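Let me begin by presenting the structure, written as structure tokens, before commenting on it.
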Amino acid sequence: MGILSIKPEERKPTLLAFLMFFSVVAASITGGSARDTFFLTEYDRSLLPLMFAIIAVVMVAVITLYNRISSGKDLGTIITTTSVIFIFSLAAIQSSLKGIMIPILYVLIEIMISISVLQFWILAGDIFNARQAKRLFSIIGAGGAIAGFSAGYGIKPFVLTFGAQNLLIPTIGFICLTILFAWLLNPFRNTTDIQPRPTYIHDEEQSRSSSSLLDPYLRSIAIMVVIAAISSRLIEYQFKMTAAETYPDIDSLAAFFGTYYMIVNGATLIIQFFITRLFLSRFGIIGGLLVLPISLILGSMAFFAAAGIVTVFIARFADQVFKFSIQNASREILWLPVDKQKARRAKPVIDSSIRSIMEGTIGIIIFLIVSLEYVPIDKLHWLSVPVIGLCCIWFWNNFQLKDGYLRTLMKAIEQRQLNLEDIQ
């Protein structure tokens, strides 16, 4: 434990948090595999792009409703209540897994993943202070990466033994474990320092929020987020549709998704812990910003030149692995020199609202161009052309971001607004 910088009194809550996050991510992996498998084999897969749009709309409504209901309530009770709702909903869907229940499952799994991860990190914030978080959150976060690897690895033997139609059973089991670990962690929460979060924004703040988005530096960040969201959805659509064509059998498709999650999470774990920091130290912020667009350009060019499961796997692999490691770290660094008040207003708008709107919009666009046969279903590699074009714009925008980052950083230093304690 000494090697991991865990103090004796932190061992139990850290272990429990590690196990809880393991359970949360394992539920998302098994549930996500079941969701994709059932939709692509048992439902009209041409409607997949519309699911992107539906999820974007539903998630905004659900998060808004969740914030209102959970405000002022005990977090342990909220976690238990939402988890029980997920358990009974999944059990009901499992008993009649056909027809309209399949797209309902698709949306429900997305809600479950978002709410569960949100709740976990709020709970972790109640247990560990800022200094502890800097030492322990990477260790706790490793529980998620290990869960992704091990759950992905276990899906194939599970499917071969029990069948893909029973994949929701381990998902329910992992949610039950989440409830258990949440209550075991409850005594470690420090609720005395928790400040109530404002549920509204003053008109003056709203007007300042709108004007802050006119900042050229924040506009460049918004362009990066928009292009990343559009490219990711296009590649995800190509990947899932190609996988469904390659593995038409429900069990083989579920096993494939399990292998995919195992490889992606294993690679993410290695890069996050052993490569990201060294890479950013060696190549700086511009190097970190360029990895993802370059890898997407190469992966999309490979899929366009030779469409197949291997080449689209490369593009999807690059999108998922680099997005949640080097790109994520680089993006957070970009916010470091931004004034705290401005960042507090602009970051949720850019990282959440704008991104969700673009993901929903691109879903509708994909559905229209495919259903109207502007891009035939057997020519999905044509969608790599806009990905390549957008990533070239992204590539150019990153140099604008670097210049803006340096200017904003110098301004923050001159005005003594830079707080090095915020670096995580």
Side-chain angles (χ1 to χ4, degrees), residues 29-30 32-41 45-46 48-49 52 145 148-160 164 167 228 230-272 275 290-327 362 366 369-370 375-392 394-395:
I29 295 298
T30 54
S33 297
R35 169 200 66 186
D36 293 334
T37 300
F38 297 146
F39 192 91
L40 294 172
T41 59
R45 69 183 69 158
S46 67
L48 177 61
F52 300 157
F149 179 84
S150 55
Y153 178 81
I155 285 176
K156 185 172 184 179
F158 180 90
V159 167
L160 293 177
L167 261 179
I230 294 174
S231 300
S232 183
R233 282 306 193 192
L234 285 168
I235 292 172
E236 179 184 0
Y237 176 70
Q238 291 176 315
F239 173 71
K240 290 182 177 179
M241 294 297 286
T242 304
E245 288 292 331
T246 308
Y247 301 98
D249 177 68
I250 186 171
D251 289 343
S252 60
L253 182 60
F256 168 76
F257 280 127
T259 302
Y260 159 74
Y261 283 119
M262 178 187 69
I263 295 173
V264 165
N265 282 279
T268 302
L269 180 65
I270 293 171
I271 292 176
Q272 183 66 25
I275 297 178
L290 291 177
V291 169
L292 185 54
I294 290 176
S295 62
L296 293 187
I297 289 173
L298 295 176
S300 295
M301 289 176 65
F303 184 61
F304 182 75
I309 192 62
V310 174
T311 50
V312 76
F313 184 95
I314 294 172
R316 181 65 173 165
F317 174 88
D319 177 48
Q320 294 296 288
V321 171
F322 294 129
K323 178 165 66 177
F324 293 110
S325 55
I326 297 175
Q327 173 68 18
I362 194 61
I366 293 172
I369 63 177
V370 173
V375 175
I377 198 68
D378 59 340
K379 303 289 185 183
L380 292 183
H381 58 284
W382 290 1
L383 292 176
S384 294
V385 175
V387 174
I388 294 169
L390 286 170
C391 287
C392 288
W394 184 357
F395 185 92

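Only this structure's heavy atoms are used, side chains among them; waters, hydrogens and symmetry mates stay out. Note that the numbering runs from 1 along the sequence shown for the chain. These numbers come from a predicted model, not from an experiment.
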Run the side-chain contact (heavy atoms from CB on, under 4.5 Å) test against [X] and tell me which residues pass, sequence neighbours left out.
{"X": "Ile377", "answer": "Tyr237, Met241, Val370, Leu380"}
{"X": "Ala254", "answer": "Thr37, Val159, Ala164, Leu167"}
{"X": "Val264", "answer": "Tyr260, Thr268, Phe317, Gln320, Val321"}

Salt bridge (charged side-chain N to carboxylate O under 4.0 Å, His left out) pairs touching residues 235-253, sequence neighbours excluded, are Asp36-Lys240, Arg45-Glu245, Arg233-Glu236, Glu236-Lys240
Pairwise salt bridge (charged side-chain N to carboxylate O under 4.0 Å, His left out) hits with a residue in residues 302-314, at least two apart: none
Can you give each donor-acceptor pair under 3.5 Å made by side-chain atoms of residues 381-389, sequence neighbours left out, with the distance rounded to 0.1 Å?
residue	atom	partner	partner atom	Å
Ser384	OG	Gln238	NE2	3.1
Ser384	OG	His381	O	3.3

Tell me every residue that passes ring pair (Phe, Tyr, Trp, His ring centres under 6.0 Å) with [X], counting only those two or more places apart in sequence or in another chain.
{"X": "Phe158", "result": "Phe162"}
{"X": "Tyr247", "result": "Phe256"}
{"X": "Tyr153", "result": "none"}

To the nearest 0.5 Å, how far apart are [atom1] in [X] and [atom2] in [Y]?
{"X": "Ser295", "Y": "Gln327", "atom1": "OG", "atom2": "CD", "result": "9.0 Å"}
{"X": "Phe239", "Y": "Ser232", "atom1": "CZ", "atom2": "OG", "result": "11.5 Å"}
{"X": "Ser252", "Y": "Leu160", "atom1": "OG", "atom2": "CG", "result": "10.0 Å"}
{"X": "Ile230", "Y": "Trp394", "atom1": "CD1", "atom2": "CH2", "result": "11.0 Å"}
{"X": "Ile155", "Y": "Thr30", "atom1": "CD1", "atom2": "OG1", "result": "6.5 Å"}

For Arg316, check salt bridge (charged side-chain N to carboxylate O under 4.0 Å, His left out) against everything at least two apart and list the hits. Asp319
Which pairs would a plain distance check flag for residues 296-314, meaning a side-chain donor or acceptor within less than 3.5 Å of a matching protein atom at least two apart in sequence or in another chain?
residue	atom	partner	partner atom	Å
Ser300	OG	Leu296	O	2.9
Thr311	OG1	Ala306	O	2.8
Thr311	OG1	Gly308	N	3.3
Thr311	OG1	Gly308	O	3.1

Do you know the tightest heavy-atom contact between [X] and [Y]?
{"X": "Leu40", "Y": "Ala244", "answer": "CB-CB, 3.9 Å"}
{"X": "Leu253", "Y": "Ala243", "answer": "CD1-O, 3.6 Å"}
{"X": "Ala318", "Y": "Leu292", "answer": "O-CD1, 3.5 Å"}
{"X": "Ala145", "Y": "Leu269", "answer": "CB-CD1, 3.4 Å"}
{"X": "Gly266", "Y": "Phe149", "answer": "CA-CD1, 3.8 Å"}
{"X": "Gln272", "Y": "Ser325", "answer": "OE1-CA, 3.1 Å"}

After noting the C-alpha distance and the side-chain angles of Ile366 and Leu48, does the key distance pass the side chain to side chain contact (heavy atoms under 4.5 Å, CB included) rule? CA-CA 9 Å; Ile366 293 172; Leu48 177 61; over 6 Å; no
For Thr259, the side-chain hydrogen bond (donor to acceptor under 3.5 Å, both in side chains) test, sequence neighbours excluded, returns none
